[in-house]
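Report on one structure; see the data block that follows.
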Amino acid sequence: MIKATPYDFPYDGNLVPETTALVIIDLQEDFLSTTGYFARMGYDPSPLRAILPIVSKLVEASRVAGIQVVHTRQGYRSDLADMTPYEKWRRKRAGLEGSDVLLRSSPGFQIVPEIDVRPEDIIVDKTCNSAFTYTDFEHVLRAQGITHLLFSGCTTDVCVHTTLREACDRNFQCLTISDACASGDQYAHEAALHMVTVENGVFGALTHSEAVIEGLASLKRTAA
């Protein structure tokens, strides 16, 4: 098991590599670069970049343990055909009209090079905050027999938390890795992490990357 709060993960003590996935939310250039969407909105991407070494260690540990790695990317079609009038209004209001920010055809859509993405990884492209909305994310997880999700990425309070909440409602067992998530708003980041643990773990359990890596190493030793 992985040491966590308010309970060790998973609740039944049955951590199985084949049914577990490390989910890495939106570690894209548009959010982490100094010229991408996040920076253009006035946020400092430094806290987001700071988690990259931690996420990389989690990726390595997951692969050694035989756990599936899943990446998500957020962005719209280059022709904007999947963008609603409200989303276009928000884009214009943010001063992004006419730019390639958050478009799938742009360099900013790509996952940052610090994260090792391999052909065997699963990539889910989305337009909304949740990886479940208008995507095949759930279908892919069910098809792979995955029932347990380890959450990392950005931002903690928006895309990570929205996907986490939906995952819990769909009866996936969820563990959020606190130091592998980040936000441009520290208060929102801390509040989002706190919300995981309320009501005795209403959104699953919360832990630190060291506990995950230790838990996965123990899992590998047991299998050996």
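Side-chain atoms are counted along with the backbone in the values below, which use heavy atoms only and exclude waters and symmetry mates. For this chain, numbers begin at 1 and follow the sequence in order.
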Supply the atom-to-atom distance Ile213 CD1 to Lys57 NZ, rounded to the nearest 0.5 angstrom.
6.5 Å
With hydrophobic residues grouped by side-chain heavy-atom distances under 4.5 Å, do Val16 and Leu175 end up in a single group?
no
Min side-chain heavy-atom separation Asp26-Lys126 under 4.5 Å
yes
Take atom OH of Tyr7 as the centre, draw a 6.0 Å sphere, and report whether it contains more than 12 heavy atoms from other residues, nucleotides or ligands.
yes
Which pair of non-hydrogen atoms, one from Pro17 and one from Ala65, has the smallest distance, and what is that distance?
CB-O, 3.2 Å
Just wondering, more than 12 heavy atoms not from Arg90 lying within 6.0 Å of its CZ?
no
Check whether the side chains of Ser46 and Asp44 place a donor and an acceptor atom closer than 3.5 Å, and report yes or no.
yes
With a 4.5 Å cut-off on side-chain heavy atoms, are Glu190 and His194 touching?
no
Out of curiosity, does Phe109 fall in the hydrophobic cluster containing Val112 (side-chain heavy atoms, cut-off under 4.5 Å, transitive links)?
no
Would a 4.5 Å heavy-atom cut-off, applied to side chains only, mark Asp121 and Arg63 as touching?
yes
Going by atom types alone, do Thr84 and Glu87 pair a side-chain donor with an acceptor below 3.5 Å?
yes
Could you walk me through whether Leu27 and Leu32 pass the side-chain contact (heavy atoms from CB on, under 4.5 Å) test, one step at a time?
CA-CA 7 Å; Leu27 290 186; Leu32 277 71; 4.1 Å; yes
Quick one: list whatever passes side chain to side chain donor-acceptor pair (under 3.5 Å) with Asp136, sequence neighbours left out.
none
Using every non-hydrogen atom in the two residues, find where Ser130 and Glu166 come nearest and quote the distance to one decimal.
OG-OE2, 3.0 Å
Are Phe38 and Thr155 packed together at the side-chain level, in the sense that at least one heavy-atom pair is separated by less than 4.5 angstrom?
yes
Can you check side-chain contact (heavy atoms from CB on, under 4.5 Å) on Thr207 and Val212, steps first, answer last?
CA-CA 7 Å; Thr207 194; Val212 175; 3.5 Å; yes
If you round to the nearest 0.5 Å, how far is CG of Asp179 from CD1 of Ile51?
9.0 Å
Would one find more than 12 heavy atoms of other residues, nucleotides or ligands at under 6.0 Å from atom NZ of Lys92?
no
For Pro6 versus Asn200, what's the shortest heavy-atom pair and its separation?
CG-C, 3.5 Å
Minimum heavy-atom separation for Pro47 and Ser183, please, with both atom names.
CB-O, 3.6 Å
Is there side-chain contact between Ile177 and Leu58, with at least one heavy-atom pair below 4.5 Å?
yes
Side chain Gln173, main chain Pro10, donor-acceptor under 3.5 Å:
no
Enter the distance from Met1:CE to Ser218:OG here, rounded to the nearest 0.5 Å.
12.5 Å
Short side-chain to backbone donor-acceptor contact, Ser106 and Leu103, under 3.5 Å
yes
Kindly say whether Glu120 contributes a backbone atom to a donor-acceptor pair with the side chain of Gln68 at under 3.5 angstrom?
yes
Please answer: with hydrophobic residues joined when any side-chain heavy atoms are less than 4.5 Å apart, are Met41 and Val158 in the same cluster?
no
Looking at Glu199, I want to see if its CD is surrounded by more than 12 non-hydrogen atoms of other residues, nucleotides or ligands under 6.0 Å.
no
Min side-chain heavy-atom separation Leu150-Thr20 under 4.5 Å:
yes
Under 6.0 Å from the CD atom of Gln186, do we count more than 12 heavy atoms belonging to anything else shown?
yes
How many angstroms lie between atom CZ of Arg91 and atom OH of Tyr86, to the nearest 0.5 angstrom?
14.5 Å
Kindly give the cluster partners of Val70, where membership spreads through any ILVMFWY side chain lying under 4.5 Å from a current member.
Val23, Ile25, Ile122, Val124, Phe132, Phe137, Val140, Leu141, Ile146, Leu149, Phe151, Val160, Leu164, Phe172, Leu193, Val196, Val198, Val202, Phe203, Leu206
Between Arg49 and Glu114, does at least one N-O distance fall below 4.0 Å, as a salt bridge requires?
yes
Could you tell me whether the side chain of Arg104 reaches within less than 4.5 Å of the side chain of Tyr76, counting heavy atoms only?
no
Measure the spacing between NE2 of His71 and CZ of Arg118 and express it to the nearest 0.5 Å.
10.0 Å
Do Asn129 and Gln74 have side-chain heavy atoms sitting under 4.5 Å apart?
yes
Verdict with reasoning, Leu22 to Val59, per side-chain contact (heavy atoms from CB on, under 4.5 Å)
CA-CA 7 Å; Leu22 172 67; Val59 169; 4.0 Å; yes
Do you know the tightest heavy-atom contact between His161 and Ala192?
NE2-O, 2.8 Å
Please report the interatomic distance CZ(Arg73) to CG(Asp30), rounded to the nearest 0.5 Å.
11.5 Å
Go through Ser56 and Asp116 one step at a time and tell me if the side-chain contact (heavy atoms from CB on, under 4.5 Å) criterion holds.
CA-CA 7 Å; Ser56 292; Asp116 180 27; over 6 Å; no
Is it the case that Thr127 and Asp82 place a side-chain donor and acceptor less than 3.5 Å from each other?
no
Would you tell me whether His189 and Thr156 have side-chain atoms, one donor and one acceptor, within less than 3.5 Å of each other?
yes
Any idea which heavy atoms bring His148 and Asn14 closest together, and the distance?
NE2-O, 4.3 Å
Report yes or no: do Ile54 and Val117 belong to one cluster of Ile/Leu/Val/Met/Phe/Trp/Tyr joined by side chain heavy-atom distances under 4.5 Å?
yes
